[in-house]
Structures are given as structure tokens and as C-alpha cells.
Amino acid sequence: MAETVEREWRPPWPVNVARVLAPHRRGHGDPAFRVDEAGGVWRASFTPDGPGTLRVVAVGGTVRATAFGPGAAWLLENVPDLLGARDTTDGFKPVHSALRTAVGRTPGFRIGRTNRVFEALAPAVLEQKVLGLEAFRAWRYLLRRFGTPAPGAPAMRVPPPPHVWARIPSWEWHRSGAEAIRAQTIIGAARVAARLEEDPAEDRLRSLPGIGVWTAAEIRQRAVGDADAVSVGDYNLPGLVGWALAGRKVDDAGMLELLEPYAGHRHRVTRLLEFSGLRPPRRGPRLAVRDYRSF
């Protein structure tokens, strides 16, 4: 039976657990993430102490966390970080009306951090330059094939540790739908994963082959709670920011110009705008989902 430990934590701000943890869900059916009928959020993770599963739920102003497996104690210790305890909104002053409205609708919102760099890196690379559906399909396949049953939640899967990712054979990458470039990027990063955990600075991440500004930002947002990391190069983000803050679609340069007053909090702004529901009108057909497994 998996080791089970519990913790209660009362944050000094209102916490919406599902909203803070939503970025860690990699699509519908993510084997490492689920939300139960009671509103509890479950995450499976390979911690420095081994595999573990965490369930977090807010009851009133108290966060109740339960963890299972060898990594249980580590997961509980990191619950405050996961929910944004190290984040600060100092210096953040909304100057756009849409943003002020979003802030009012999400009191106490914080950017959390997992403190697990490679676990943020692998799915971010899978999501490079493809539709989310393609990336999520590959993530599901690889976790079900190479992950292990999550302690306390065996239907879930713990993402494999870096040394397992490094040994995934080429035909399994192909079956997942991930082409060779993304596979080699993950394999290369897995070989230096220990150094990345020690120092996930943007320049170190971007020194790795296949890791650019978009991927580095996606990693840092989740792993270290970087509230300023902007996903430059994202297909949808400039349109969202431009429409919400200026009433028009913009490109990456235009997005960065609009976000300039929020230096230090630019990722925070994009997250808040995502909650606003403001979206530019869709024009033209959706991009077709590709399937590298048939190539």
C-alpha cells in the first residue's frame, strides 16, 4: 500500500486551486493530472525522492493536501510553492480596464511553481510548433508506455524520470506522433537534467539544442513560477493580448509593446487575460491535426 501523508495549510490570500494548477494539465485525459468530483486536483510527479501523487483541495480558507508514495513528503513540503507562496504581486498595477476587470474577478491569483524543471520541459518540447491535440496525444502515449502507476491513484501515471526519457527508442517516439527533432531535444535535455534542476536560468535552457524563447518561457512559468516569462512565438497569445488590451490583433512585437508597462509581471498579465474570456473573432478554417505516425 502506498505511503499516505496529509497536511493542512492556510494561505494568507484566497486560493483557487484548480485555476492555479490548470497550466500543469496537458490536455484532456492527461495521465498525470485529473480533477475529481469533489474539486480535488490530483498530480502525479517524479520527485527527488521518487514517484508520488498529490491531491489538493481548498475547503473554506484552508488547503488540504494528501500525498502518496515515496515522494509524498517532498510533495507536501512543496504545496505552498505549488500554489504561489513565493510569488509576489509587488509592483503590479493594472493600467488597462480589461486587466483591472480580470484582477477583480480573480482575487488573490498567484503563479505557482512545481520545482521540477524536466517535468515541465518534456511536455513543453512536445508542444513545439504543433497543435495542442498532437502534443497531448504524444504525451498520453509516452506516459502510458514509459510512466509508472501513480501511488494512491494507479489509473494515473507518473511521468518517467530523465534517464528513462533518454532511452526511449526511435520507434516509440514515432508511435507517439513526435518527430525526430522534438525527440532529440528531449533526449538531449534528459542527459543534462540534473544540471537543469540546479540552474533553470533562461540562458541555460536556451543553450540546449532545440530550446528557444517560447519553450524556455513555458518551462520557467511552470517549474520556477516566473511571472514575467512571456511565451513569445505562441500561435494564439498575441491575438489574445492585442484584442484584450488594444481591441485589435497584434504580432509578437506588438504584444511585447502592450505588455511593457507590466515588466516583471508579463506572464501574470497573460494568465489573467486568459481568464477574462476576451478573444478575437475566429476567421478561416482551423489548422488540420497532423499525424507523424503515418509518415
With sequence neighbours left out, which residue pairs that include part of [range] fulfil the salt bridge (charged side-chain N to carboxylate O under 4.0 Å, His left out) condition?
range	answer
residues 199-208	D199-R204, E202-R206
residues 220-244	E218-R222, R220-D226, D228-R266
residues 97-117	R116-E197

Among residues at least two apart in sequence or on other chains, which ones pass side chain to side chain donor-acceptor pair (under 3.5 Å) with [X]?
X	result
H24	none
E172	Y141, R145
D36	W42, R55

What residues form a salt bridge (charged side-chain N to carboxylate O under 4.0 Å, His left out) with [X], not counting sequence neighbours?
X	result
D87	R268
R279	none
R140	none

Legend entry - Residue pair D30, R34: steps toward the side-chain contact (heavy atoms from CB on, under 4.5 Å) verdict: CA-CA 7 Å; D30 182 350; R34 74 179 179 92; over 6 Å; no
Legend entry - Side chain Q128, main chain R182, donor-acceptor under 3.5 Å: no
Legend entry - Donor-acceptor contact present, side-chain T215 to main-chain I211, <3.5 Å: no
Legend entry - ring pair (Phe, Tyr, Trp, His ring centres under 6.0 Å) against H267, all qualifying residues, sequence neighbours excluded: none
Legend entry - Under the ring pair (Phe, Tyr, Trp, His ring centres under 6.0 Å) test, residues paired with F109 that sit two or more places apart: F275
Legend entry - Heavy-atom check, side chain of V269 versus side chain of V241, under 4.5 Å: no
Inset, instruction - Give a yes-or-no answer on whether the side chains of E119 and S45 include a donor-acceptor pair shorter than 3.5 Å. - result: yes
Less than 3.5 Å apart, which donor and acceptor atoms pair up between the side chains of residues 60-77 and the rest of the protein, not counting sequence neighbours?
from : atom 1 : to  : atom 2 : distance (Å)
T62  : OG1    : R10 : NH1    : 3.0
R64  : NE     : E8  : OE2    : 3.3

